[in-house]
Amino acid sequence: MKRFLVTALVACALVLTGINGAQANSYKKEYKLSVVPGQTSGWGMSANYFADLVREKSQGRINIKVYCNSQLMSGMQTSEFLLVRNGIIDFALASTINWSPQVKQLNLPCMPFFIVSAPDRYKAMDAIENGSAGKMLIEAVEKKGVHFIGWGENGFRELTTSKKVAEPSDLKGMKIRVVGSPIFIDTFRALGANPATINWSEAIVGFQQGTVDGQENPTNGINIPSKMCQYHKFHCDWHYVIDPLMLCSNNDVWKSFSPEDQKLLLDCAKEMESYSKALSRLGQDPSYLAYLQKIGKAPEVTDPYGLLKANGMTVVTPSKEQMAEFIKATESVRTKWTQNIGPELVRAAEQDMANAR
Ligand code: X2X
């Protein structure tokens, strides 16, 4: 009997070891996380924050490596979604802009002067993400075969130019670099500019060579770390669209994690959301700097607009009347894209924003 018990215990132990072994073996040695801009962008910093948290909390069992500068898609930022879907990329902290060619609903935050029409534009963005429109955006991504984990933020996109822009007539004929996504072409054409689609991986060289007269990107996340002040002297604070980030993974990769590890990844994503939003919104409200200090992650630049001015940039804030002109000039774009995106989603976003007032 004793011998039988010992044999049974050994057999159980082997089975259990086998299960644990299989679990550990099914995890990759390295998971690749894609980011379009560089390591020092708010976006790159947020991705590294997430990867570090996951490594620490999983005691090294889940090892995510961040690949910046669109490396995993050879610079072609609008093909990232397809590479995540087919498993060449495991994770991405992705801009809705770059995925909008494949998931049309993701054009919502890029409808010109849509979210900024709310009295508090950041509260409006949060309300959409946490509301019924956010649910619809997540469903749209998941229906196309990619798993959603959490939100992050690149930020409201401001215009940097070589000559002053404060109203639509100033943009007439100016060559503006944009992402290769049709809504951006429509918006800049409606404003009288000449949009040029250039991948971000090649854009900086273009700015250095002066091949374009301007570009649009968020202040904290991109314009400051990319040193746009070296190329453009004007920064127009028009907040015309916002660039939320979606942390996502390949479906099979997600399913390969145990339920406990899926929870661990979701918890780390929540912390990353707070960090990413604090980086993006720093300078708008003192609570963001306080939060970053509390978690021991205060960035080098704590007064973004002070830094722009100290570097010789003129910050242009359009008047109410000038903003009204921008809004009027882009009305046809909102009408067309409401149909493309789906009027139901646009109405849901309007309702979410109204509920948050
Ligand atoms: O290409 C851009 O402008 C960037 C870096 O903001 C995006 O990837 C959307």
Side-chain angles (χ1 to χ4, degrees), residues 33-48 66-84 89 91-104 106-112 115 125 137 141 151-161 175-188 193 195-208 211-228 231-232 235-236 238-248 276-277 279-281 304:
L33 190 157
S34 171
V35 167
V36 167
Q39 297 278 359
T40 58
S41 64
W43 193 336
M45 286 165 70
S46 302
N48 278 300
V66 177
Y67 288 80
C68 282
N69 298 312
S70 313
Q71 273 179 71
L72 298 178
M73 49 269 179
S74 312
M76 299 281 297
Q77 62 197 85
T78 50
S79 48
E80 190 181 48
F81 179 82
L82 298 173
L83 298 177
V84 176
I89 296 175
F91 290 88
L93 182 58
S95 159
T96 49
I97 300 175
N98 293 326
W99 288 13
S100 62
Q102 289 86 22
V103 189
K104 64 176 187 187
L106 295 184
N107 282 292
L108 179 82
C110 295
M111 280 239 285
I115 294 178
M125 186 69 249
L137 293 176
V141 167
W151 294 103
E153 191 164 282
N154 189 19
F156 279 92
R157 298 176 73 92
E158 318 296 0
L159 190 63
T160 69
T161 45
K175 192 167 168 190
I176 306 293
R177 176 270 166 182
V178 293
V179 187
S181 164
I183 193 168
F184 285 87
I185 306 281
D186 285 353
T187 300
F188 281 89
T197 62
I198 306 176
N199 278 310
W200 185 248
S201 52
E202 288 157 20
I204 300 280
V205 175
F207 304 145
Q208 282 164 351
T211 49
V212 293
D213 306 310
Q215 64 91 40
E216 44 72 62
N217 252 302
T219 311
N220 298 358
I222 304 275
N223 291 339
I224 289 181
S226 298
K227 301 197 167 40
M228 293 310 304
Y231 320 119
H232 301 143
H235 194 281
C236 177
W238 62 350
H239 323 309
Y240 84 122
V241 301
I242 184 167
D243 197 358
L245 302 175
M246 295 179 112
L247 175 67
C248 293
S276 178
K277 287 186 172 173
L279 287 183
S280 153
R281 301 174 186 192

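Only heavy atoms go into these numbers, but all of them, side chains included; no hydrogens, no water, no symmetry mates. Every number for a ligand or one of its atoms is a count from 1 in the order of the listing.
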Problem set entry | Enumerated ligand 1 atoms positioned under 4.0 Å from heavy atoms of V36 | 8 (O)

For this session: Fit a plane to each ring of F207 and Y231, take the angle between them on a 0 to 90° scale, and name the class: parallel (under 30°), tilted (30 to 60°) or perpendicular (over 60°).
Result: tilted

Problem set entry | Which segment of N199 sits under 4.0 Å of ligand 1 when only heavy atoms are counted | neither

For this session: Flag the pair L137 / L106 as yes when at least one side-chain heavy-atom distance between them is below 4.5 Å, and no otherwise.
Result: yes

Exercise. Does any non-hydrogen side-chain atom of S226 lie less than 4.5 Å from one of N217?
Worked result: no

Seminar exercise, completed: In Q215, H235, R177, the residue satisfying side chain to side chain donor-acceptor pair (under 3.5 Å) with T160 is Q215

For this session: Among all protein heavy atoms, pick the one closest to atom 8 (O) of ligand 1 and tell me residue, atom and distance.
Result: N98 ND2, 2.9 Å

Exercise. What atoms of ligand 1 come within less than 4.0 Å of a heavy atom belonging to Q77?
Worked result: 1 (O), 2 (C), 7 (C), 8 (O)

Exercise. Side chains of P218 and R157: does their closest heavy-atom pair fall under 4.5 Å?
Worked result: yes

Problem set entry | Polar atom proximity, S95 to ligand 1 (N or O, under 3.5 Å) | no

Exercise. Between the candidates N217, D243, N223, which shows the shortest non-hydrogen contact distance to atom 4 (C) of ligand 1?
Worked result: N217

Exercise. In terms of side-chain heavy atoms, does S181 have a donor or acceptor partner in S100 at a distance below 3.5 Å?
Worked result: yes

Exercise. For R157 and ligand 1, does the shortest N/O to N/O distance drop below 3.5 Å?
Worked result: yes

Problem set entry | Heavy-atom pair of closest approach, residues G38 and N69 | CA-OD1, 3.3 Å

Problem set entry | Subset of ligand 1 atoms that lie under 4.0 Å from at least one heavy atom of N154 | 6 (O)

For this session: Considering only non-hydrogen protein atoms, determine which one is nearest to atom 2 (C) of ligand 1 and report residue, atom name and distance to 0.1 Å.
Result: R177 NH1, 3.4 Å

